[in-house]
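Every chain is numbered from 1, with letters handed out A, B, ... down the list of sequences. Every heavy atom of this structure was used, including side-chain atoms; hydrogens, water molecules and symmetry mates were not.
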Amino acid sequence: MSRAAALPQRRIAAASGRHGGVFPPARVLLILSLAVLGALLVAAMSGSAGLSPRVLLGEWPTPLAWKVWWQLRLPRLLLAALVGAMLAGSGAAMQGLFRNPLADPTLLGLASGAGLAVALWIVLLDGAAGSYGLYGQFLAGFLGALGVCVLVFALGQRQQGQEALFTLLLAGLAINTLAGAMGGVMAFIASDEQLRQLSLWGMGSLSHALWSATLGALIGIPPALWWLLRCARGLDLLQLGELTAHAAGLDAPRLKRRVVLATALGVGLCVALAGIIGFLGLLVPHCLRLWLGPGHRLLLPASMLGGALLLIVADTLARTLASPAEIPVGLLTSLLGGPYFLWLLLKRRVPC
Amino acid sequence: MLTLADAGFAKAPALTPFSDCLIPGELLAIVGPNGAGKSTLLSLLSGYRRPDEGSVCLDGTPLHRWDSAALARRRALVAQTLTLGFDWPVRELVALGSEASPADVDEALDLLDLQAFAERGALGLSGGEAQRVMIARALCQLGLGHSTEDSPGRVLLLDEPTSALDIGQQQRLMRLLRRLAQEHRLAIACVLHDLNLAARYAHRVWLLERGRRIAAGAPHEVLDGRTLARVFEAELVACRQADGSPLVLLAP
């Protein structure tokens, strides 16, 4: 077959392949963005105080409804979108960095490290009482996540392939257990007021999102997301192995520093604001990778949008399913994600 | 041209300093027992490690002073095995690390006889196919499709490319490397375990022993039975084939 005749055929093969040929990248991101917007609209209308679409025209049923919507629901929705985007985006980036589909901020203990730091801050330093309580909480979350990130990374560097995976998952298990136990100790020695603070925060819930918290997220999370997006090409190259990637022009140590810092900042903030919301970072990139292929230039932004979408939907369900009571959204995502993760392990022969 | 000027590495696995260069158009085989420092040498040649003494220069500029993107267009590396975390389609994998157009990718795929696998996932490939994919990727990175008479010399480094291949694939790969070296004026350095492949296909051989390069030259000069027997601590005989190239055999 001549070259000229062969070319169109290749193009057809590419278009029907499962690796994203059908949906050009721009369209995938557009579809996901529209879905996020749609979910935001629906979520903004639903809740224990339902609103009709007429409010869009400025016809609020009562002044109180407007106040509830502006002070409680809107910041909560924005927080859900940001936290979802951050958790799923950092999941995708960590999986790329470890070259492993099972890396996830909660599984590797990042989130519980951040959680422990926040608990220490609330109980030992009585940080929640002060006027800078929330910002101290951010900082504690960041430092906790950063500490675990560096530890996990040092462990993961010492081995290759399958062995490294076992070490990482075991380290995550140990960190999660340890952080859980230390959290228990903190709860034990906490005063009544601190205990209330702890349990309010710890269930993984977006319910205490007020503008002060959401503003923190609005300031901290978008730069972390932007930072991760800029690592996409580097993460692609890293898949070739460190030696080959270096020869292809990658400064691997710099890439690692960037991803680790952005992830620690973002995940630390998320945990400080919303507690531990599990499995989002595993679930979303994994599903999207099956659909879009493993290239990070598409996978990273798509994961961020997908994470935002999933958390908005999950939080709306958490608010409305047992209305007027509320299910902590972290509970909901773990109930969804846990079985999915087990199923993933069961059917996993080749790396997925 | 890639030159080593008294380049050595002090930390284990150490390499005693020596000077030499990789010549465009030449296929160089680096041989030696396990732990002799072959991989250290390869990482020095690619600039992944910096020599403790002396320097490794491309066109007279030490590798670490090069802009990494510019250097990537001049030298590429093919690792021993392809360890992927995710299932990349072959076509995307080949385009990784370069600005190769789809036509460039097709050309590299054709050259390595990979068109049949272009849309498949790389995790399903056999060791030999994966090796060819990685070579195609390295060629794209070097922009081989766009080379002209006066484009600067480029360097391709390979770490035991034949270790996962059957004997027919080994032969085809070594022939291809030799042809690439000659047709594109590529300087190829290739770590090899199989002394007979080195004897048959390399223009030049470097023999390493315990971190020292103890011999360099044409295969029939370096691959001498007695030296090899001592270096590899094996009972070997080296015969001479009709064309003068050595053939290394296990002693009966």
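Of all non-hydrogen atoms in B:W88 and A:G295, the two that sit nearest each other are CH2-CA, 3.5 Å.
For the atom pair CD (A:Q239) and CG (B:L96), the distance works out to 8.0 Å, reported to the nearest 0.5 Å.
Contacts between residues 35-53 of chain B and chain A, defined by a heavy-atom separation under 4.5 Å, are made by B:S43, B:S46, B:G47, B:Y48. Contacts of residues 242-260 of chain A with chain B at a heavy-atom distance below 4.5 Å involve A:E242, A:L243, A:T244, A:H246, A:A247, A:A248, A:G249, listed in sequence order.
Applying the salt bridge (charged side-chain N to carboxylate O under 4.0 Å, His left out) test to residues at least two apart or on different chains, the pairs with a partner in residues 64-76 of chain B are B:D59-B:R74. Within the structure, ring-ring contact (aromatic ring centres under 6.0 Å, His included) contacts touching residues 93-117 of chain B (residues at least two apart or in different chains) do not occur.
Residues A:L240 and B:M134 have side chains in contact (heavy-atom distance under 4.5 Å, counting atoms from C-beta outward).
Heavy-atom distances place no part of B:A118 under 4.5 Å from chain A, backbone and side chain included.
In this structure, A:R289 forms a cation-pi arrangement with B:F86, its terminal cationic atom sitting closer than 6.0 Å to the ring centre and no more than 45° off the ring axis.
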